[in-house]
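Below is one structure, written out as structure tokens; the observations come after it.
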Amino acid sequence: QVQLVESGGGLVETGGSLRLSCTASGGTFSSYAMGWFRQAPGTERDVVAAISRSGGRVYYADSVKGRFTISRDNAKNTVYLQMNSLKPEDAAAYYCAAARAYTSGGVYTTATGYGYWGQGTQVTVSS
């Protein structure tokens, strides 16, 4: 059973940056592909970025390409989401998720592919 704890959310001005962290416990972190999702009120939970268990493959939603960077440190059991050039439309609750991966390059881009979720961290972007 994997437990995930996000941190790093907060209030930032338009154009600013935040770095989200998600630390895992209770499992072998390097066995899991990881993802970041976000959900604004009244909307579905959508993928923002995803990374394979080795870190060698990544995926970004079109809306964040060139602004967000996902990375992981398997020695620290942590996945990060560096968010730059933030826009008001990036405001949402951000969730990290873990998916048991049986191939080193597997990347999962839908919520149904993930079995473990964090509690979420709120990102607010002021205009």
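Any value given below was found using the heavy atoms of this structure, including those in side chains, with hydrogens, waters and symmetry copies removed.
- Residue pairs satisfying the disulfide (SG to SG under 2.5 Å) criterion with at least one member in residues 28-63, sequence neighbours excluded, are absent.
- Between G113 and A99, the shortest heavy-atom distance links the atoms O-CB, 3.3 Å.
- Annotation for Q3 and G26: closest pair OE1-CA, 4.0 Å, computed over non-hydrogen atoms.
- Among pairs with a residue in residues 54-127, those fulfilling disulfide (SG to SG under 2.5 Å) read C22-C96, at least two apart in sequence or across chains.
- Rounded to the nearest 0.5 Å, atoms CZ (R38) and CG (D46) are 8.0 Å apart.
- Residue A40 comes nearest to A91 through the heavy atom pair CB-O, 4.0 Å, listed as atom of the first residue, atom of the second, then distance.
- No side-chain donor from either of T23 and N77 sits under 3.5 Å from a side-chain acceptor of the other.
- Cation-pi geometry between R72 and Y80 is not satisfied (NZ or CZ under 6.0 Å from the ring centre, within 45° of the ring normal).
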field: side chain to side chain contact (heavy atoms under 4.5 Å, CB included) evaluation trace for S71 with Q82
entry: CA-CA 8 Å; S71 62; Q82 177 67 43; over 6 Å; no
- request: Using the ring-ring contact (aromatic ring centres under 6.0 Å, His included) rule, take Y108 and Y59 through it: C-alpha gap first, then chi angles, then the decisive distance, then the call.
  value: CA-CA 8 Å; Y108 303 88; Y59 167 87; over 10 Å; no
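- Note on residues 28-81: no pairs pass disulfide (SG to SG under 2.5 Å), not counting sequence neighbours.
- Of all heavy-atom pairs spanning S52 and G105, the tightest one is CB-C, 3.8 Å.
- Taking a 4.5 Å side-chain heavy-atom cut-off between Ile, Leu, Val, Met, Phe, Trp and Tyr, the cluster of V48 extends to V2, L4, V12, L18, L20, F29, Y32, M34, W36, I51, V58, Y60, V64, F68, I70, V79, L81, M83, L86, Y94, Y116, V123, V125.
- Sequence neighbours left out, not one pair with a member in residues 38-84 passes disulfide (SG to SG under 2.5 Å).
- Minimum heavy-atom separation, S104 to S54: O-OG, 3.3 Å.
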query: What do the steps show when you test K87 against D90 for salt bridge (Lys or Arg N to Asp or Glu O under 4.0 Å), and what is the final call?
result: CA-CA 5 Å; K87 305 174 181 180; D90 294 318; over 6 Å; no
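- With T121 contributing its side chain and G9 its backbone, the two residues share a donor-acceptor pair below 3.5 Å.
- We find the OH-CH2 distance between Y95 and W117 to be 9.0 Å, quoted to the nearest 0.5 Å.
- For the residue pair S30 / T28, no side-chain donor-acceptor distance below 3.5 Å is found, with atom types taken as modelled.
- In terms of heavy-atom proximity, D62 sits nearest to K65 at OD1-NZ, 3.1 Å.
- Between the side chain of R53 and the backbone N or O of A33 there is no donor-acceptor pair closer than 3.5 Å.
- Pairs engaging residues 4-15 under the side-chain hydrogen bond (donor to acceptor under 3.5 Å, both in side chains) rule: E6-Q119 [sequence neighbours left out].
- With hydrogens and angles disregarded, a donor-acceptor distance shorter than 3.5 Å links the side chain of T78 to the backbone of K76.
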